[in-house]
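We number each residue from 1, following the sequence as shown.
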Amino acid sequence: MKAKTHGDGNLKESIIREKNTILIYELHHPRCVSQFIWHMKGIDQEGYQDVTVKWLGEKVFPNACVPISGIIQYYKTARKMEFHFEILPDNYLYQCGFTEPIYEDKETLEKERNPFGKIYRYNETGQVAALTQAYINAISRQVTCSEGVISSLIWCINEVMDNVLVHGETDNGYVMAQFHEKTKHVAFCVFDAGVGIYNTMKQSSHAPKQPIDALSLAIQEGVGDGKGQGNGLYGLYQIICENKGLLTITSGSASMMFAKDGNIKKFERIPFLSPKNNGTIIDFQLDLTNEVNIRQAFKSIGGFDGFDIRLDDMWQEDDTVLYKVYENCRGTATREAGFELRNDVQNILKRLQAPMILDFSDVKTVSSSFIDEFISKMVISLGVVEFNGLIRIKNMNETVRFLCNRSTYMRIHEEWEKIMDRKTV
């Protein structure tokens, strides 16, 4: 059966149901979650105990696949339903952990170099810290971020994931991140099937009358259920506004969408799991190229702890930063590996604003493309004078030094010719 369509042929519903079979055509928008919950309620009411989920689409975004994956886990546990999936094993939706979210302990997560595109299940604070670090490390290697972005992300990821454990009254949280290379955006979605924001706040002194009122209160400074300072979602909202990013908060029957232009859309009476388990979805996107003025965003909070254990380990007693190339690279033979290291070093320089030592101990050989992408392009990016003032290289063997010097001379000559060509035009 084909999905229902509008007159112009576009999909009217991304998810439809045939008895106890759910057909999914897209997972690209929050409304997919509402459609899935609605169909699951119908299946439950009709007494089915087994459900078939058939994937017929291509688009997969965190704001749809993470909540739906978590909702499936909820129905497995709370309603004792069995799920069967018709998804090819080599399909992205299967590999990301949609059918069974990935669970790794703190020690395993600390070694994770590519956490993007995976749905993780977590249930303790050590996993939150390790996942946050893994995301930050991966982002630092992918793109040179604008001022304040990485520190802001540490806050956002930590706070949103930790909120599940502190306020959700549930066993598990679910999280997924995607890095969009073309637009230089990161998209995060965190879901839990817990009590929800309205249930946690209605017994507080604020006593919101409706779920939508609870969401409005949640992004205000110092407002919470008394289990924390009440600044988690407030801080997230402030950072999103500073960055001109996107934020959607959905809990129970209410949802609020915050757009780049400052407009706020409110939705009420949307489907949710149950009165006891309202569930909460926090979906946010940051533009890695837009600066975040952290002092402005947190002027009333008084700052925040952006602790990064990897960077802390790099600090030396003489207030320099020791960056061990071999320990941080994924090989030294490809341009891609050099690109990741250059982004990482330049991000660290921005964040710590201290002289750095690049230690080439244990690096026996490199390719010309690797050293060109890593060192030579960084010389051009920073400028020769600034590079020499900020960076010192040590323990580079003769072979690597020769390739580095040769590549850098060629880069400088190439850039100089470009300057001269522009002057003659």
Side-chain angles (χ1 to χ4, degrees), residues 2-17 22-42 53-74 85 87 91-94 96-99 101 116-119 160 174-180 182-183 185-193 196-197 211-212 215 236 240 244-273 278-287:
K2 294 184 178 180
K4 299 176 182 178
T5 60
H6 293 289
D8 59 5
N10 292 325
L11 285 176
K12 182 178 181 181
E13 291 185 355
S14 299
I15 300 176
I16 64 174
R17 176 169 76 98
I22 294 180
L23 311 174
I24 303 178
Y25 290 86
E26 300 287 358
L27 287 173
H28 67 309
H29 194 276
R31 65 173 172 264
C32 298
V33 182
S34 296
Q35 292 172 13
F36 188 84
I37 292 175
W38 184 258
H39 293 316
M40 283 305 304
K41 285 183 175 293
V53 176
K54 186 178 295 187
W55 173 237
L56 300 168
E58 294 180 359
K59 291 182 180 178
V60 178
F61 293 165
N63 59 4
C65 74
V66 175
I68 291 175
S69 179
I71 290 164
I72 288 171
Q73 303 310 310
Y74 165 81
F85 299 93
I87 306 172
N91 190 278
Y92 175 82
L93 187 64
Y94 183 88
C96 78
F98 177 78
T99 62
F116 296 129
K118 301 172 185 176
I119 302 175
V160 175
Y174 303 88
V175 61
M176 181 184 190
Q178 284 181 344
F179 169 65
H180 299 281
K182 289 185 179 180
T183 60
H185 278 70
V186 284
F188 282 86
C189 185
V190 177
F191 168 79
D192 72 86
I197 295 173
I212 196 69
L215 300 192
L236 172 64
I240 295 297
K244 294 181 173 57
L246 298 172
L247 170 64
T248 301
I249 302 174
T250 304
S251 190
S253 63
S255 181
M256 295 181 71
M257 300 178 68
F258 305 88
K260 295 179 182 179
D261 58 6
N263 287 333
I264 301 175
K265 293 182 178 179
K266 299 180 181 181
F267 303 89
E268 298 183 76
R269 299 178 182 176
I270 61 178
F272 60 99
L273 294 176
N278 279 196
T280 300
I281 306 167
I282 308 296
D283 164 37
F284 65 94
Q285 295 183 31
L286 263 72
D287 185 337

Is the backbone of Gly279 close enough, under 3.5 Å, to the side chain of Ser251 for a donor and an acceptor to pair up by distance?
yes
Measure the CD1-CG distance between Ile281 and Asn63 for me, rounded to the nearest 0.5 Å.
8.5 Å
Option passing side chain to side chain contact (heavy atoms under 4.5 Å, CB included) with Ile197 (candidates Asn278, Ile249, Thr250)
Ile249
When rounded to the nearest 0.5 Å, the distance separating CZ of Phe258 from NZ of Lys266 is 8.5 Å
Using a 6.0 Å cut-off, check whether atom NZ of Lys118 has over 12 heavy atoms from anything other than its own residue.
yes
Spacing of Gln35 atom CD and Met40 atom CE [to the nearest 0.5 Å]
14.5 Å
Would you call the rings of Phe284 and Phe188 parallel, tilted or perpendicular, taking 30° and 60° as the class edges?
parallel
For the backbone of His185 and the side chain of Gln285, can you confirm whether one donor and one acceptor N or O come within less than 3.5 Å of each other?
no
Could you report the tightest heavy-atom contact between Gln178 and Tyr92, atom names first, then the distance?
NE2-OH, 3.1 Å
Working to the nearest 0.5 Å, report the span between NE2 of His29 and CG of Asp283.
9.5 Å
Nearest 0.5 angstrom please: Phe267 CZ to Met257 CE, how far?
5.5 Å
Does Phe116, at its CZ atom, have more than 12 non-hydrogen atoms belonging to other residues, nucleotides or ligands within less than 6.0 Å?
yes
d(Lys244 NZ, Lys260 NZ) to nearest 0.5 Å is 11.0 Å
Would a 4.5 Å heavy-atom cut-off, applied to side chains only, mark Phe98 and Ile68 as touching?
yes
What pair of heavy atoms forms the shortest contact from Ser255 to Thr248, and how long is it?
OG-CG2, 3.7 Å
So does Ile15 get a backbone contact from the side chain of His39, meaning a donor-acceptor N/O pair under 3.5 Å?
yes
Can you check whether Phe272's main-chain N or O pairs, donor with acceptor, with Lys41's side chain at less than 3.5 Å?
yes
Can you list everything that forms a salt bridge (Lys or Arg N to Asp or Glu O under 4.0 Å) with Lys54? Sequence neighbours excluded, please.
Glu86
Given the rule in the side-chain contact (heavy atoms from CB on, under 4.5 Å) test, do Ile240 and Leu246 qualify, once you have shown the distances and angles that lead to the verdict?
CA-CA 6 Å; Ile240 295 297; Leu246 298 172; 5.7 Å; no
